[in-house]
Amino acid sequence: MAKGEREKAGNDVPAGGFVQLLTPDGERIESATTADGTTYTVDFTDEEYRELYRDLVTVRRLDAEAVALQRQGELGIWASLLGQEAAQVGSGRALRSQDMAFPTYREHGVLYCRGIDPIMPFGLFRGVDQGGWDPNEFRFNTYTIVIGSQTLHATGYAMGITMDGKTGSADGEAVIAYFGDGATSQGEVNESFVWSGVFNAPIVFFCQNNQYAISEPLERQTRVPLYQRAAGYGFPGVRVDGNDVLASYAVTKAALDNARNGQGPTLIEAYTYRMGAHTSSDDPTRYRISSEVEAWKAKDPIARLKAFLAKQKVAGDDFFGEVDDTAGKLALDLRERVLAMPDPQPVAMFDNVYPNDSPELIKQRKAFEDYQASFEGSGH
Amino acid sequence: MAKGEREKAGNDVPAGGFVQLLTPDGERIESATTADGTTYTVDFTDEEYRELYRDLVTVRRLDAEAVALQRQGELGIWASLLGQEAAQVGSGRALRSQDMAFPTYREHGVLYCRGIDPIMPFGLFRGVDQGGWDPNEFRFNTYTIVIGSQTLHATGYAMGITMDGKTGSADGEAVIAYFGDGATSQGEVNESFVWSGVFNAPIVFFCQNNQYAISEPLERQTRVPLYQRAAGYGFPGVRVDGNDVLASYAVTKAALDNARNGQGPTLIEAYTYRMGAHTSSDDPTRYRISSEVEAWKAKDPIARLKAFLAKQKVAGDDFFGEVDDTAGKLALDLRERVLAMPDPQPVAMFDNVYPNDSPELIKQRKAFEDYQASFEGSGH
Amino acid sequence: MAETINLGKALNHGLRRSLENDPKVVIMGEDVGKLGGVFRITDGLQKDFGENRVIDTPLAEAGIIGTAVGLAIRGYRPVCEIQFDGFVFPAYNQIVSQVAKMHYRSKGNVRLPIVIRIPFGGGIGAVEHHSESPEAYFSHTPGLKVVTCSNPADAYAMIQQAIASDDPIVFFEPKRRYWEKGEVDLDLPLDGAYPLHAARTARPGNDATLLAYGPMVKVALDAAAAAAEDGRDLEVIDLRSLSPIDYPVIFDSVKRTGRAIVVHEAPGNLGLGSEIAARITEECFYSLEAPVLRVTGYDIPYPAARAEEEYLPDLDRVLDAVDRSFGW
Amino acid sequence: MAETINLGKALNHGLRRSLENDPKVVIMGEDVGKLGGVFRITDGLQKDFGENRVIDTPLAEAGIIGTAVGLAIRGYRPVCEIQFDGFVFPAYNQIVSQVAKMHYRSKGNVRLPIVIRIPFGGGIGAVEHHSESPEAYFSHTPGLKVVTCSNPADAYAMIQQAIASDDPIVFFEPKRRYWEKGEVDLDLPLDGAYPLHAARTARPGNDATLLAYGPMVKVALDAAAAAAEDGRDLEVIDLRSLSPIDYPVIFDSVKRTGRAIVVHEAPGNLGLGSEIAARITEECFYSLEAPVLRVTGYDIPYPAARAEEEYLPDLDRVLDAVDRSFGW
Ligand SMILES: Cc1ncc(C[n+]2csc(CCOP(=O)(O)OP(=O)(O)O)c2C)c(N)n1
Ligand SMILES: Cc1ncc(C[n+]2csc(CCOP(=O)(O)OP(=O)(O)O)c2C)c(N)n1
Ligand SMILES: [Mg+2]
Ligand SMILES: [Mg+2]
């Protein structure tokens, strides 16, 4: 696998290389060709470049607001995407409206790119609900916390696409399943590879290798690059610079198009870095050194696109300022709406256990209501 | 991967080739070199060749006796190894005394090669017990019925070898884990690959690809050859002609030696065929055609070794006859001993639930005894 | 059209009708296609409905249930076969944390009309893992419904009702009764069928109440017949639904009889009998002439086949419990 | 040397002593090494005992338990950490079909002295899967023993006893009590410790018996203290062992008090309360003034954090049940 067309890999390139179209210093690489002969490139208008930049800045800003809300006690927990904006925006923007995404708990950026109100996952993290929405309305499944489980759901959904005859053309549907480097160790994730291969499912496995599963570095999950896992299941694997929004877009789009055309699954390893803590409950200073974090700062996904836009005169300070302002306003709006989220009615916890409810549960709900009522006026 | 040194693969060779040292017509191939440059060969004395032949005939004969016993109602069920003798004897004889094996429910041939009384698993199949013996005494774990689970046990055991400092030399210990083609779909098996790679465990994964998981052909588990699964976990995979006892021996021995020397895991795919039913409960005519079975008959593991021995004048009819006779006597002896197996004492079902028993269980056992006693003399 | 068929065949007919009635119904599992399942419950279905409706899956139970979840999100109604009771555990994570919870998690936006068929229980002389009764693990799990049938007519109706229901349902099949015959009305309209989650009085009686389900209903009925010869008039209730349990029927009966005995194969400790006993005691405290007694498997792993007869509740053990109840 | 430390730290000390006393003890799990576990229960242990004794594993629970089985066959005594209650299910197959059964299967030839540590229960404001009480799934499984601690002193002794025991033990840790302090005698010889599988009367009383375990012991004690102000003298029994349960202590108490109330966080349906209620009723039938009552989680998935206070049994609900018992 080659890093763009450059002969020698810089020290920002992992052994084995990856697909890169924009270097950390904002240099655009025309196209990148992998060992199997696939060539990736993008052909964006200036406006499109600018919108990608806006996406990156916005999702980072919203994420920062969530981190702040958590620190202020307004969220129970938050899983920050800091550092992974390019992987998420690149892949998220590569999705077509008919495609379906299965996220983990960290894909706020993808969610945003799907055009979904960014407040949606805050119910989960604030603890007012479990983050439920209608996956089919947004073509974006609910967040999945149990590591890896969603990859099987995605695979089954993709099998359904095939059964519905919705592959085999440029207008076909495809699925993208998100998961982390740690998740690749879970049996269920590997089963999803088995199934996808056997059923030639129209699915893209998008692994954000952010180098850590909580405190455990990648070496605890594998001793070879993760993208190589795919070949043993009969489909291609490709590693992309996950801090490069252009490459992330190009590789994901190609894989999705292959899937929708009936060519089956692809595993994408987006090589990136979790710049923040695993979640707000985590203290990364216990297990990683600051020089490592510093080194990755130099590969920042936003800075490189900004440098490129500036160098190419695609955008200037006015634009950058406006983007920051707009994102800031969005963030403040989000904050206000999060603070305004109503606490759940306790009795609502009995709702939606079953589509058809249950007489036993109805009785329990009633008893609960009576019990609650017994305190009324008692100052309880 | 090449089939021996022959330029062109015969039609008995699967796409992608395999390591073969003895052709179906008994032609000895001096050595076989795989794509990664590893060369396999064996250097057996005449006596060793003859003993391998004896093993093959014996395990087939004992298996046939078990099939007969089952038909006669003396066993509840039997999982026949017919057709897989070479894979089992080849790998089984490659084990050194210090090595540890983790079987499925079909490794009667390996068990025999470990020098274990072949009656041992009959407790399980007759239903008088659950097949329990001391894995550490025989360096052969109890049979495992839940598909794939033993691969993790084997991996853990192998990690223990490393922790005990018992690798890194020619006298090191190694583990072999047996499983089928169907098992490769189980999450747990893939997790054992993850773990073995990460911990560089001294383990050989020996997959007998007998082309079927009950009724399901290999295509239901994978669309690429199984041995290719290994690379994605960071260790070598090799496919061997599982109907060739010499190649099965050579490949297993090399892999075990690598493991004991500290070079980590290997996945071996022994390409073979389940000539009989999945178990005595199965009716394979429902899902496979007889011409397929016929084609595999021509690749019989015993016939080819016999042809080789005869052609090379390593053995003649006297020897072949004596081997048959001796195996037949062993089989009859086995039969008699199986028929003599005592039924379990019902109360013994309360034994060994816990190493330290439990007051609740002691009470239940007592109540059971009292209840049983209440029928005594009542003609019940 | 009423036919006398065995329980396994009744399930087969029920599955067929569900496949016919709703193109979204798909069957998936190990060996369910060409082979028709190791118990032939899906016999002939792949041939008639094709490989997209009756899917031979890779050998991975988590995969079966996990992909069924995805198919259900896509609008399908998967009917998953787990080959034997003891092989459901690789799928336990998907069942407990996804199948049971996704409707709740999604505030009702996601319905998972998944049926998980599990042949369960012993009495067939099998090796380890082939004779277990894991129903309590599922009944204890909010978000799942659990049912089981005891006779061909129920098997035929209940499997169709389970498939038609939007609730995720674990459907336990009493494997040792697969070959027992009974009359089945194959034209029975589903609307007219006895409600899926209702218990049924299998034999009315006044002196004590036997509560059983699945394979043990026959044992309870046999015991009641034997007791009748001794002049004891036992009521037998076939629970049918194990979650939720149809308690009103139970309480009515026990308030009349004053005595209850629960029978199941699963280990007694935290088996369904414990919950039923606790509930009966809560609701019928002053009616009880004796504590609710339980005739169950012992608290040991399922034993070797040649000991299973002594492990499994049988007529004698049920009658012994009846005696103990009357002697309290 | 008696020290006042919190429950989490007591576990840490207990683990340390086990590692010191037996070179075969190994700790394994996700993030247990450098990080010391997400709750810091294994804090500092990898640093002091090395990567071969305290093993950061791949992110796969079946792998953790499955390799622990192999290590145990090899002669090790693995102590496995499951990060949160809701994440034990990927390992359920290994636990139920291997850990629980291998001693039985092998006729006692294989001992699996494995401890599976699971932080359990709610009350910490967490998201889904982080607040569950899955103990009944394990208690119902023959071949496993199940224990839980309610205070630092017990935590310190019980974790060592569990590790020293040759039985496979699921060790539930009341995660919301990790930070509660108590006095612990760090020099306590294990021989002298209170037996692992014995219940303990946490507060003697005569009017009714409260049965609780793990995080709910404090709730029960608080309730008893409040009831005392109303003149009701409640006995509180800390079960400690959930399988087997120390019934003699319970029966003695209930025969004296005539009333029993079981408290746990897990859903009531087939929660431990059901078995305990059934057993008490069987053994103390004529002593009971009221049915055994249960104060438990509802039969719903664990709710969103901001509703958990209403989900979890608390002092008021326990006292309400006490009132109901007295009013029967
Ligand atoms: C089955 C399961 N085990 C453990 C956890 C606890 N846990 C939450 S996130 C996490 C690490 C995940 O790492 P990775 O897959 O790399 O994703 P990332 O968080 O880095 O995006 C762990 C162990 C879980 N959620 N599910
Ligand atoms: C977890 C689990 N699921 C299902 C089964 C039922 N079963 C027994 S053997 C078998 C097929 C195994 O195929 P393979 O791994 O190829 O081994 P083979 O029998 O061909 O040697 C199945 C599905 C089982 N034993 N365990
Ligand atoms: Mg990660
Ligand atoms: Mg096979």
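Since the structure is predicted, the reported quantities are computational estimates derived from the model, not experimental observations. Note: hydrogens, waters and symmetry copies are ignored here, and every other heavy atom, side chains too, is used. Protein chains get the first letters and strands the later ones, always in sequence-line order, with residue 1 at the start of each.
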- Item | Nearest-0.5 Å distance that lies between atom CD1 in D:I300 and atom CG in A:N352 | 11.0 Å

- Spacing of A:D181 atom CG and D:L59 atom CG [to the nearest 0.5 Å]: 9.0 Å

- Take atom CD in D:E51; do more than 12 heavy atoms of anything else shown fall under 6.0 Å from it? no

- Message: Taking side chain as everything from C-beta outward and backbone as N, CA, C, O, which of these in D:Y311 sits under 4.5 Å from a heavy atom of chain A? Side chain, backbone, both or neither.
- Response: both

- Item | Euclidean distance, D:D299 CG relative to A:K363 NZ, rounded to 0.5 Å | 11.0 Å

- Message: Just by distance, no angles: are the side chains of A:E360 and D:N269 close enough, under 3.5 Å, to form a donor-acceptor pair?
- Response: no

- Toward chain D, the part of A:I147 with a non-hydrogen atom under 4.5 Å: side chain

- Criterion side-chain contact (heavy atoms from CB on, under 4.5 Å) on D:V38 and A:H278, from CA distance to verdict: CA-CA 11 Å; D:V38 294; A:H278 167 70; over 6 Å; no

- Message: Could you measure the distance from the CZ atom of D:R306 to the CE atom of A:M349? Nearest 0.5 Å is fine.
- Response: 16.0 Å

- Query: Quick one: OH on A:Y287 to CG on D:D31, what's the gap to the nearest 0.5 Å?
  - Reply: 8.0 Å

- Message: Between A:Y371 (side chain only) and D:R317 (backbone N and O only), is there a donor and an acceptor less than 3.5 Å apart?
- Response: yes

- Counting only heavy atoms closer than 4.5 Å, note whether D:F87 contacts chain A via side chain, backbone, both or neither. side chain

- Query: In terms of heavy-atom pairs under 4.5 Å with chain D, which of A:R220, A:R126, A:Q345, A:E216 leads?
  - Reply: A:E216

- A:R337 atom CZ, neighbour heavy-atom count above 12 within 6.0 Å: yes

- Measuring from A:S281:OG to D:F39:CZ, what's the distance to the nearest 0.5 Å? 8.5 Å

- Query: What part of D:E61 lies closer than 4.5 angstrom to a heavy atom of chain A: side chain, backbone, both or neither?
  - Reply: both

- Message: Taking the side chain as everything from C-beta on, heavy atoms only, tell me whether A:F375 gets closer than 4.5 Å to D:D316.
- Response: yes

- Task: Anything in residues 183-193 of chain A with a heavy-atom distance to chain D below 4.5 Å? Please list those residues in order.
- Result: A:A183, A:S185, A:Q186

- Closest approach of A:G127 to D:A304 (non-hydrogen atoms, all atoms of both residues): O-CB, 3.3 Å

- Item | Heavy-atom check, side chain of D:H129 versus side chain of A:Q130, under 4.5 Å | no

- With a 4.5 angstrom heavy-atom cut-off, which part of D:E30 approaches chain A: side chain, backbone, both or neither? both

- Could you list the residues that satisfy ring-ring contact (aromatic ring centres under 6.0 Å, His included) with A:F140, not counting sequence neighbours? none

- Message: As an exercise: rank A:D129, A:V146, A:I77 by heavy-atom pairs under 4.5 Å with chain D and give me the winner.
- Response: A:V146

- State which residue, out of D:E308, D:E310, D:E309, fulfils the side-chain contact (heavy atoms from CB on, under 4.5 Å) condition with A:P346. D:E310

- Item | Residue D:Y302 versus chain A: region with a heavy atom under 4.5 Å | backbone

